[in-house]
Amino acid sequence: MICKAEPNPREARRPRRKAGLALLLLSVGPLSIMPLAAQDDASAGRTAFAKAERHASAQNHRAARVELLNAVAADPGWGPAHIALAMTNLRLFDPAGAEAELHRAAKLGVPAGQLRHLLGETYWLQGRYGDALRQLTANDLAPAHRAYAARIRGRVFLDEGNFDAARAAFDAAIAAGGDDAPTWTDIGRFRLVAGDMAGAIDAVSKALAIDGHDVRALEFRGRLVRAQYGLIAAVPWFEQALQESPDDVPVLIEYGSTLGDLGRHGDMLKIARQIVALQPSNPRGYFMQAVVAARAHAFALSKRLIEKTGGKIDDLPAMLLLRGGVEYGLGNDLIAAGYLGRLAQAQPLNFTAQALQARALYRGGDAEGAAKAMRAGQAVPGSYAALVLARALEAGGDRADAMAWVDRAQIAGGDAAVFVGQGGDPIQQV
């Protein structure tokens, strides 16, 4: 069945960006690999391909994918349409779909050297670093794609923690003609991971000077602004990125998280639902909804939403904290202490996590475990944490030490990171 793409009114008024899909017709070899129907400009495949090119130039990749699905349905033997669909799948972070289309293109006779840079990217996104590097360093890699391949090599090496190799790869990308927004954005990511915030800002500024509409560059700039100047300053950057591509899930995740941290929970909930509608398998949308539910003390609902994440982000500190808070709110104190203990272990200087773990243990009847949890850290800051330790010591019979911590609890100090839920119990941390 032929699909219909939703029109994007922004495309009509946006300046044209450098075309990507149409260049395939010049880069994949002789047109003889295409069936006669595909060589007819009036064919359904060519018409859909042209529409996809317009959508892709406007960074409306979901609409582009719909049209490319139409193109390959109309002309299944047309190699360039399969490559374009693979490229679009990569822009939508669907490496498995991209890999399948590239293999179809290869079976249709597209030379391997014209596909290796994209295959390398699919393997990188799947965490298959060895396979990625074999594709990205192959001798028959087409010269036109060497800059692209070098950039992806840089991402592979960065993920592996090989900074010297990553730096050399990004230098090679620039030397091969990759002086473009994606390359400079990736260089910015590399510099940030390497601890060079100023260098990261300089790189993304170059990316935006080259292409001020590039969504990945705008998103990364927003993240840097958030780290440097705070939540409010970052919001306009994410909103600008969404003006360019309203359905871009990575930007929606950053935007929604920022709104939540600003206390705009209703707005975050709208974004979370949009993410789920676009990518039902994406755990972040359910996580955001679970956070909103927990802050409203709807702990049973929050737990159901957490289960929808499928365990994909269970090891993230924010998820451990949320799970601990939800189980505590449901009265499952020892289960809550388990999650909060994992968080405290992962973040030894997170004294609030230690205090929350201790409170859960104390309420669960394990006063000795609560005292041990509080003393596991090198310090016990804040009046709330001191009071938790005092109660645990008192329950264990150490009244003298307990009184000392009661006295310490009277000292003015912040536990501002601790939300207080029903009954005066901490359930959440910002």
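Keep in mind it's a predicted model, so treat the numbers as computed, not measured.
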Colleague: Could you check if a side-chain atom of Arg342 sits within less than 4.5 angstrom of a side-chain atom of Asp315, using non-hydrogen atoms only?
Modeller: yes
Colleague: Are Arg151 and Phe170 in a cation-pi setup, meaning NZ or CZ lies under 6.0 angstrom from the ring centre and within 45 degrees of the ring axis?
Modeller: no
Colleague: Supply the atom-to-atom distance Asp94 CG to Glu101 CD, rounded to the nearest 0.5 angstrom.
Modeller: 9.5 Å
Colleague: List the atom of Ala105, the atom of His82, and the distance in Å for their closest heavy-atom pair.
Modeller: CB-CB, 4.2 Å
Colleague: Taking the six-membered ring of Tyr328 (Phe, Tyr or Trp), confirm whether the NZ or CZ of Arg363 is under 6.0 Å from its centre and within 45° of its axis.
Modeller: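 The answer is yes, since Arg363 meets both limits relative to Tyr328.
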Colleague: For the CG atom of Leu321 and the CG atom of Leu343, what is their distance to the nearest 0.5 Å?
Modeller: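 Taking CG in Leu321 and CG in Leu343, the distance rounds to 6.0 Å.
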Colleague: Glu239 vs Tyr255, test: side-chain hydrogen bond (donor to acceptor under 3.5 Å, both in side chains). Steps then yes/no.
Modeller: CA-CA 8 Å; Glu239 291 178 341; Tyr255 184 48; 2.7 Å; yes
Colleague: Is the number of heavy atoms from other residues, nucleotides or ligands under 6.0 Å of Gln345 CD greater than 12?
Modeller: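 Atom CD in Gln345 is not crowded, with 12 or fewer foreign heavy atoms closer than 6.0 Å.
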Colleague: Tell me, with the steps shown, if Arg226 and Thr258 meet side-chain hydrogen bond (donor to acceptor under 3.5 Å, both in side chains).
Modeller: CA-CA 8 Å; Arg226 184 173 59 194; Thr258 303; 2.8 Å; yes
Colleague: Of all heavy-atom pairs between Ser257 and Met288, which one has the smallest distance, and what is that distance?
Modeller: OG-CE, 3.5 Å
Colleague: Measuring from atom CG of Asp180 to atom OG1 of Thr185, what distance do you get when rounded to the nearest 0.5 angstrom?
Modeller: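 Reported value, rounded in 0.5 Å steps: 8.5 Å.
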Colleague: Can you tell me which residue among Ile313, Ile306, Val276 is in a side chain to side chain contact (heavy atoms under 4.5 Å, CB included) with Pro283?
Modeller: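 Per the side chain to side chain contact (heavy atoms under 4.5 Å, CB included) rule, the option paired with Pro283 is Ile313, out of Ile313, Ile306, Val276.
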Colleague: Are Asn282 and Ile253 packed together at the side-chain level, in the sense that at least one heavy-atom pair is separated by less than 4.5 angstrom?
Modeller: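 Yes, their side chains come closer than 4.5 Å.
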Colleague: Are the side chain of Gln354 and the backbone N or O of Pro348 linked by a donor-acceptor pair below 3.5 Å?
Modeller: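 Indeed, once roles are kept as given, a pair shorter than 3.5 Å links the two residues.
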Colleague: Between the side chains of Glu67 and Arg54, is the shortest nitrogen-to-carboxylate-oxygen separation below 4.0 Å, so that they form an ion pair?
Modeller: no
Colleague: Crowded around Ile232 CD1? As in, over 12 foreign heavy atoms under 6.0 Å?
Modeller: no
Colleague: Within this structure, what is the CG-CD distance for the pair Leu218 and Glu244, rounded to the nearest 0.5 Å?
Modeller: 6.5 Å
Colleague: Determine the sole option in Arg65, His61, Glu99 for which the side-chain hydrogen bond (donor to acceptor under 3.5 Å, both in side chains) test with Asn89 is passed.
Modeller: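 Of the listed options, the one satisfying the test is Arg65.
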Colleague: Work out which heavy atom in Ala217 is nearest to a heavy atom in Val204; give both atom names and the distance.
Modeller: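 Distance-wise, the nearest heavy atoms are O-CG2, 3.4 Å.
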Colleague: Looking at side-chain heavy atoms only, is the closest gap between Leu278 and Gln274 below 4.5 Å?
Modeller: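 Yes; the side chains approach each other to less than 4.5 Å.
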Colleague: What distance do Leu262 atom CG and Asp267 atom CG have between them, rounded to the nearest 0.5 Å?
Modeller: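 CG of Asp267 is found 10.0 Å from CG of Leu262.
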Colleague: Classify the ring geometry of His145 against His117: parallel below 30°, tilted from 30° to 60°, perpendicular beyond 60°.
Modeller: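 Because their plane-to-plane angle is under 30°, the rings of His145 and His117 count as parallel.
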Colleague: Can you check whether Ala290's main-chain N or O pairs, donor with acceptor, with Ser302's side chain at less than 3.5 Å?
Modeller: yes
Colleague: Between Thr183 and Gly178 (side chain of the first, backbone of the second, donor and acceptor by atom type, cut-off under 3.5 Å), is there such a pair?
Modeller: yes
Colleague: Should we say atom CZ of Arg216 is surrounded by more than 12 heavy atoms from elsewhere, each under 6.0 Å from it?
Modeller: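 Yes - once you tally the heavy atoms of other residues, nucleotides and ligands closer than 6.0 Å, there are more than 12.
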Colleague: Show the numbers, then the answer: is there a side-chain hydrogen bond (donor to acceptor under 3.5 Å, both in side chains) between Asp179 and Trp184?
Modeller: CA-CA 7 Å; Asp179 190 12; Trp184 281 108; 2.5 Å; yes
Colleague: Could you check Glu121 against Gln135 for side-chain hydrogen bond (donor to acceptor under 3.5 Å, both in side chains), going step by step and ending with a plain yes or no?
Modeller: CA-CA 9 Å; Glu121 186 172 7; Gln135 294 292 333; over 6 Å; no
Colleague: Does the pair Asp159/Arg155 count as a salt bridge with the N-to-O cut at 4.0 Å?
Modeller: no
Colleague: Indicate the atoms forming the closest heavy-atom contact of Asp75 with Ser43, along with that distance.
Modeller: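 What the structure gives for the nearest pair is OD2-OG, 3.9 Å.
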